[in-house]
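Got a structure here, written out as structure tokens. Questions coming.
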Amino acid sequence: MNDEILRVENLHITFTTSAGEVKALNGVSFGVKRGEVLGIAGESGSGKSTAMLSVMGLTGEYGHVHADKMTFMGEELTPERVKVLRGKNISMIFQDPMTSLNPVLSVGYQLEEALKRHHWEGSIRERVIDILTKVGIVPAEQRMRDYPHEFSGGQRQRIMTAMSIACNPELLIADEPTTALDVTVQAQILKLLRELRSSSGMSMILITHDLGVIAGEADRVIVMYGGKIMEEGTVREIFNEAHHPYTVGLLRSVPKADGSHERLIPIEGQPPDLLNPPKGCPFVKRCPKAMKICLSQQPEPSTLSETHKYSCWLGVKN
Ligand code: SF4
């Protein structure tokens with residue numbers, strides 16, 4: 001475990017809302033190794049983005065975070081420590097580049113400010129030109145004077161990528177980085193992230209509901225549902241040997257990467273109401289294999305290999 005740069009143990013997050021307490025995360029543990037890509041899959045509301053916002057210290061004043069352990073490069077991630085690391089050592093790319101960039105400031109100015117804030121040593125202007133060129137915004141000297149609306153959606157996502165990697169972070173969290181983009185631009189951004197990873201050795205957490213993206217990019221996968229981890233394993237273990245009925249359902253609901261034309265089967269029903277989470281397994285209302293025990297008791301993780309675990313009362317091979 002020494003090569004882990006991030007470790008989170010037993011993370012719980014509750015949000016106070018006017019309707020009551022929303023239990024967004026319920027005992028989630030994971031780690032990321034140096035240079036590794038960890039994919040986090042699951043439907044909206046599964047808790048995948050919330051888990052990462054808590055790592056960034058961005059759950060807001062209504063989010064109550066509790067974890068047995070949360071460390072980055074061996075040091076405890078206290079709120080004070082996160083403020084120092086955020087944007088410099090741990091960085092995040094958000095889904096919508098238009099709302100993340102300031103429309104009234106040039107992109108060059110915004111990049112310069114990010115570098116100044118994190119005390120970049122060396123020429124800031126040179127770094128801005130270098131990093132914009134790296135993400136394919138050229139000629140960078142000229143384009144750094146332009147405003148966000150003067151770029152296409154794909155270019156804005158490239159600029160956000162530039163901003164998040166400007167300080168050479170050790171860990172990049174990419175939250176649905178390609179969801180709003182067309183397929184061609186999506187492929188370009190993923191290729192860019194791959195190149196940046198291999199040149200810098202940074203680790204990445206890739207949050208997406210797109211299993212195809214995870215299959216192509218990740219080393220390991222966590223599948224989340226209802227604020228809990230349902231299954232985790234290497235890409236091969238998850239895509240070829242899924243055991244959890246939710247993972248099996250997710251894989252059946254999307255086209256296969258090998259192009260085979262199997263009938264797609266959606267998972268019927270809705271995710272659980274986290275204001276009143278189920279007492280037993282969170283997937284119980286939608287699970288075709290549910291048993292009596294699933295209603296009242298949460299399953300403990302079963303270990304299939306050093307890397308492969310799943311939480312279910314029943315082993316289901318797909
Ligand atoms: Fe289905 Fe029960 Fe397994 Fe949950 S614990 S996934 S309800 S079989």
Side-chain angles (χ1 to χ4, degrees), residues 8-15 21-31 38-52 67-68 207-212 214-215 218 220-257 262-318:
V8 175
E9 292 285 353
N10 200 21
L11 173 63
H12 291 257
I13 303 180
T14 306
F15 288 98
E21 300 277 291
V22 176
K23 295 178 184 64
L25 282 189
N26 188 2
V28 167
S29 302
F30 59 90
L38 175 68
I40 306 194
E43 292 165 288
S44 300
S46 60
K48 51 193 196 309
S49 296
T50 308
M52 293 312 125
D68 289 352
I207 308 169
T208 176
H209 66 274
D210 188 333
L211 291 174
I214 289 203
R220 273 191 315 119
V221 189
I222 285 177
V223 180
M224 291 191 64
Y225 185 81
K228 287 184 80 78
I229 293 177
M230 299 287 104
E231 185 158 5
E232 63 178 282
T234 61
V235 164
R236 190 190 53 75
E237 285 165 339
I238 294 296
F239 283 84
N240 298 340
E241 298 161 23
H243 272 56
H244 197 285
Y246 178 61
T247 315
V248 173
L250 263 190
L251 291 169
R252 283 190 184 143
S253 68
V254 295
K256 288 245 180 319
E262 268 176 42
R263 193 164 68 89
L264 304 183
I265 307 167
I267 304 173
E268 299 294 341
Q270 299 295 323
D273 174 8
L274 296 178
L275 268 171
N276 296 298
K279 218 170 139 211
C281 171
F283 191 51
V284 67
K285 287 216 171 123
R286 302 168 81 185
C287 180
K289 312 268 182 185
M291 302 167 284
K292 208 170 162 200
I293 189 174
C294 311
L295 283 166
S296 57
Q297 288 184 48
Q298 296 204 1
E300 289 298 319
S302 303
T303 302
L304 295 162
S305 76
E306 208 184 310
T307 45
H308 195 181
K309 286 186 201 153
Y310 72 111
S311 292
C312 174
W313 289 113
L314 187 78
V316 181
K317 214 149 169 71
N318 71 344

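Whatever order the structure lists them in is the order used to number ligands and atoms, beginning at 1.
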One should read off an interatomic distance between Arg220 CZ and Ile40 CD1, to the nearest 0.5 angstrom, of 9.5 Å
For a distance under 2.8 Å, give residue and atom name for each protein N, O or S atom next to atom 4 (Fe) of ligand 1.
Cys281 SG
Please determine whether a side-chain nitrogen of the Lys or Arg among Glu268 and Arg286 lies less than 4.0 Å from a carboxylate oxygen of the Asp or Glu.
no
Could you check whether Tyr310 and Glu237, counting side-chain N and O atoms only, form a donor-acceptor pair closer than 3.5 Å?
no
So for atom NZ, which belongs to Lys228, do other residues, nucleotides or ligands contribute more than 12 heavy atoms lying within a distance under 6.0 Å?
yes
Taking all heavy atoms of Val221 and all of Leu38, pick out the closest pair and write down the distance.
N-CD1, 4.3 Å
Could you check whether the rings of Phe283 and Tyr246 sit parallel, tilted or perpendicular, using 30° and 60° as the cut-offs?
perpendicular
